[in-house]
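Numbers restart at 1 for each chain; the letters A, B, ... are given by sequence-line order, proteins then strands. On a predicted model such as this, the values are computed, not experimentally measured, just so you know.
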Protein chains: 2
Amino acid sequence: MDDDRAVLGELLPRLTRLSELLSRGRLFEQVLESAGLALERPAITVLVTLHRAGGPLRVGEIATRMQVAGPHVTRHVQGLERRGLVRRVEDPADQRARLIEATPAGADAAERYLSVLLGWLSDALAGWPRQDRQDLVRLLGRLLDDVHDRVAAAAGGEPEPPLS
Amino acid sequence: MDDDRAVLGELLPRLTRLSELLSRGRLFEQVLESAGLALERPAITVLVTLHRAGGPLRVGEIATRMQVAGPHVTRHVQGLERRGLVRRVEDPADQRARLIEATPAGADAAERYLSVLLGWLSDALAGWPRQDRQDLVRLLGRLLDDVHDRVAAAAGGEPEPPLS
DNA sequence: TATTGTTATACTCTATAACTATA
DNA sequence: TATAGTTATAGAGTATAACAATA
């Protein structure tokens, strides 16, 4: 199984590079720039979340879908509101809640962002055989599931390992 | 080519999930915890960088390899030095520079970290056919190269697109 | 004058705690 | 009393600018 070790040894730097490309390497930030959008990443994520939902969402629901804490959403919604990209309307069903709704400009921003991002991915994969593209998506999905499971196992079943 | 669109549409959420798993989902932070290391991620990255180099490196060289700004490295090296994980020795060839050298404890930390991380990856891929593993590494590498090129193209050849 | 590293400062992302308004 | 959201605060990661020491 030397071969397996070798494959693992190559996987690690790739994951590291991917992490850099996605988070600090700022793929998403550069897409924003290229789309002419002067928005922070969490802000566009709010807009994309609303876009995917196809309608207004509560602040708490946005936070859940983005998997972040509430105040984080509050802040970025405020910024988006100042820029006229979302509106905050009262929830008729609950006076405590606020429904966040994309304005036409906000919906347009989300669409432009997604369009540039998909365009870039499309360009990147342009020369790929169809089979490779399908394999990539399939294997990446499985990797995510399996790594997620492994991480969950470590978090759950490992109550401070003994020193022995 | 509807098929291609569909594949792209699936790739995007996977990249998003991966980004979350790696950066905010804190895969690396959880590995640190599981390895019993009370270190920040940049700090362990410094140690791993030294480990890979196989010997002392200058602050600037560490920054280059980590692709971060100099002061960032300075700060984390200071923390590592306080914890006895690295030593700062003078560069005999250049009195301006400082060579950063892992102590035995620092080398041990890097090894434990890598060992846990590789173990997790190994577990995650345990049930995979060998061919799938090899394909994953190959396709992931190509994806990184191609996306990198596409991003570079956007950064280089796109001097503020006209409004038309 | 150019380079290495450090100090000072600031910004982004995100979290938790405390609080307000409503249920 | 519980819930939705906001305000206040804090900490990690990282960048740039100004500066010191040495080349």
Identify the 5'-most and 3'-most nucleotides of DNA chain C with at least one atom closer than 4.0 Å to a non-hydrogen atom of chain A.
C:dC13 to C:dA23
Should B:Asp146 and B:Arg142 count as side-chain neighbours, where that means a heavy-atom distance under 4.5 Å?
yes
Stretch residues 45-62 of chain A: residues that reach within less than 4.0 Å of DNA chain D through a heavy atom:
A:Arg58, A:Val59, A:Gly60
Taking only residues at least two apart or on different chains, which pairs with a member in residues 94-114 of chain B satisfy ring pair (Phe, Tyr, Trp, His ring centres under 6.0 Å)?
none
Enumerate donor-acceptor pairs with a distance under 3.5 Å from any side-chain N or O in residues 42-61 of chain A to protein atoms, sequence neighbours excluded.
residue, atom, partner, partner atom, Å
A:Thr45, OG1, A:Arg41, O, 2.8
A:Thr49, OG1, A:Thr45, O, 2.7
A:Arg58, NE, A:Asp91, OD2, 3.2
A:Arg58, NH2, A:Asp91, OD2, 3.2
A:Glu61, OE2, A:Arg65, NE, 2.7
A:Glu61, OE2, A:Arg65, NH2, 3.4

If we ignore hydrogens and angles and just use 3.5 Å, is the side chain of B:Arg133 paired with the main-chain N or O of B:Trp128 as donor and acceptor?
yes
For B:Glu90, enumerate each residue passing the side-chain contact (heavy atoms from CB on, under 4.5 Å) test, keeping only those at least two apart in sequence or located in another chain.
B:Gln95, B:Arg98
Does anything in residues 6-15 of chain B pair up under salt bridge (Lys or Arg N to Asp or Glu O under 4.0 Å), and if so which pairs, sequence neighbours excluded?
B:Glu10-B:Arg14
Could you go over nucleotides 19-22 of chain D and give all protein N or O partners under 3.5 Å, atom names and distances?
none

Test of understanding: with side-chain contact (heavy atoms from CB on, under 4.5 Å), list the residues that count as partners of B:Thr64, not counting sequence neighbours.
none
Applying salt bridge (charged side-chain N to carboxylate O under 4.0 Å, His left out) to B:Arg17 and not counting sequence neighbours gives A:Asp145
Flag, side chain of A:Arg112 to backbone of A:Ala35, donor-acceptor distance under 3.5 Å:
yes
For A:Asp135, all residues meeting side chain to side chain donor-acceptor pair (under 3.5 Å), sequence neighbours excluded:
A:Gln131, A:Arg138
Using modelled atom types and a 3.5 Å cut-off, is there a donor and acceptor pairing between side-chain atoms of B:Thr103 and backbone atoms of B:Leu85?
yes
With sequence neighbours left out, the residues meeting salt bridge (charged side-chain N to carboxylate O under 4.0 Å, His left out) with B:Arg75 are none
Pick out the pairs of N or O atoms, protein on one side and nucleotides 14-17 of chain D on the other, that lie under 3.5 Å.
residue, atom, partner, partner atom, Å
D:dT14, OP1, A:Arg24, NE, 3.3
D:dT14, OP2, B:His72, NE2, 2.8
D:dT14, O4, B:Arg75, NH1, 3.4
D:dT14, O4, B:Arg75, NH2, 2.6
D:dA15, OP2, B:Ala69, N, 2.7

Rounded to whole angstroms, how far apart are CD1 on A:Ile100 and P on D:dT6?
7 Å
